[in-house]
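A short write-up of the structure that comes next.
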Amino acid sequence: MHDDAPLHNENASVGGRAGERAPNAAAIAPKHIVFLLYDGFQPLDLAGPWQAFSAANEEGGANYRLTTVAAAPVVATWEQGLRMQVDATLGQDDDTPIDMLFVPGGPGIDQASAHGETLAWLRRRSPQARRTCSVCTGAFLLATAGLLDGRRVTTHWRSADRLRQLHPGLRVEDDRIYIESGAIWTSAGVTAGIDLALALIERDVGPQVAQDVARRLVVFMRRNGDQRQYSQSLRLQDRMAAPFRDLVEKIEASLSARWSVDDMADACHMSRRTFQRKFAAHFGVTPAEVLRRLRQERAGMLQASGKVSGKTLRHIVGQNRPAA
């Protein structure tokens, strides 16, 4: 079953009014989510989505049943050897219906992609699931199994070129948080798995539950799939040294302020000329351009949350540009 449109579930909201909570989870048919693990999986790729789905159950809007499966009864990460006993091995799988199948990434993905039993199980079970999802380099396993052929996909930006080289039939977009392509969802690395899970929760039981889960997990800002993996703030931090680090933090804390070049120079305790020269040497662009990018990114994040008025967005991105 493809998932190109939101599910039309008559129980998704009370009286059909958007934004309200779904009824008590006991009245909702359980959705079975299976995480396919292997030696060398990334634990955060598992723990992030798992906790989001679990929190959706506890918030009262969902009824997800979470289980794990692997080729062996016990799997281990490669970082410090965290060991985990799975609920079932591939050989013990009894073909219980799967609603969502998740494949986390990790440094062991190449070995998992070469494991015949794992590939055979994935090829058999994925078409039976309503959705198949990958986090980070989990896309490599899906691609090796032939499940991504011809699709738009994403993965961790550091692994995108390698995914293109190994699987040239894919349309790899390395600057997306997650991508939905029919019944297949792929996401970027680590924390993007939480963004993916929140999107799936919203699709299943509505935006209010997803927002409650985000608050519960202390997610700073929900990101939609079209947002960049690597934020402007992080790009700037890669190049920052004092006093520009403090300046960017001050700007981000008050993006709607005027922020003229003189204001920025004063914040760095420099003359206007010295500030402009050193700023350009550090960042390769003008102060006005950095401010524009930060405002644009913040506006996109706020717009994706759906809880900010157009007037507020215009105030952030369209007013009080700094002098050139």
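From a predicted model like this one, the values you see are computed outputs, not experimental measurements. All heavy atoms count here, side chains included; hydrogens, waters and symmetry mates do not.
Just one of Leu170, Thr186, Asp174 meets the side chain to side chain contact (heavy atoms under 4.5 Å, CB included) condition when paired with Leu163; it is Leu170. Here the options are Phe35, Phe41, Tyr64, the test is ring-ring contact (aromatic ring centres under 6.0 Å, His included), and the partner is Phe102; only Phe35 passes.
Judged by distance alone, the side chains of Thr96 and Asp94 do bring a donor and an acceptor atom under 3.5 Å apart. Donor-acceptor pairing under 3.5 Å is lacking for the side chains of Asp175 and Trp157. Remark: the Ser271 side chain and the Arg273 side chain contain no N/O donor-acceptor pair separated by less than 3.5 Å. In this structure, a donor-acceptor pair under 3.5 Å is absent between the side chains of Asp161 and Gln165.
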inquiry  = Please determine whether salt bridge (charged side-chain N to carboxylate O under 4.0 Å, His left out) holds for the pair Asp110 and Arg162, giving the CA-CA distance in whole Å, both sets of side-chain angles, and the decisive distance to 0.1 Å.
reply    = CA-CA 12 Å; Asp110 288 341; Arg162 184 165 179 264; 2.9 Å; yes
task = Kindly determine whether Thr67 and His32 satisfy side chain to side chain donor-acceptor pair (under 3.5 Å), including the steps that lead there.
result = CA-CA 8 Å; Thr67 64; His32 186 198; 2.8 Å; yes
request  = Apply salt bridge (charged side-chain N to carboxylate O under 4.0 Å, His left out) to the pair Asp204 and Arg130, showing each step before the final yes or no.
outcome  = CA-CA 12 Å; Asp204 284 344; Arg130 183 165 61 102; 3.2 Å; yes
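Residues Ala55 and Arg216 come closest through the heavy atom pair CB-CD, 4.0 Å.
Distance CE/Met264 to CZ/Phe279: 6.5 Å, rounded to 0.5 Å.
The main-chain N or O of Met270 is never found under 3.5 Å from a side-chain atom of Thr274 such that the two would form a donor-acceptor pair. For Thr155 (side chain) and Ala188 (main-chain N/O), no donor-acceptor pair under 3.5 Å exists by modelled atom type. Remark: the backbone N or O of Ile184 is not paired with any side-chain donor or acceptor of Thr132 at under 3.5 angstrom.
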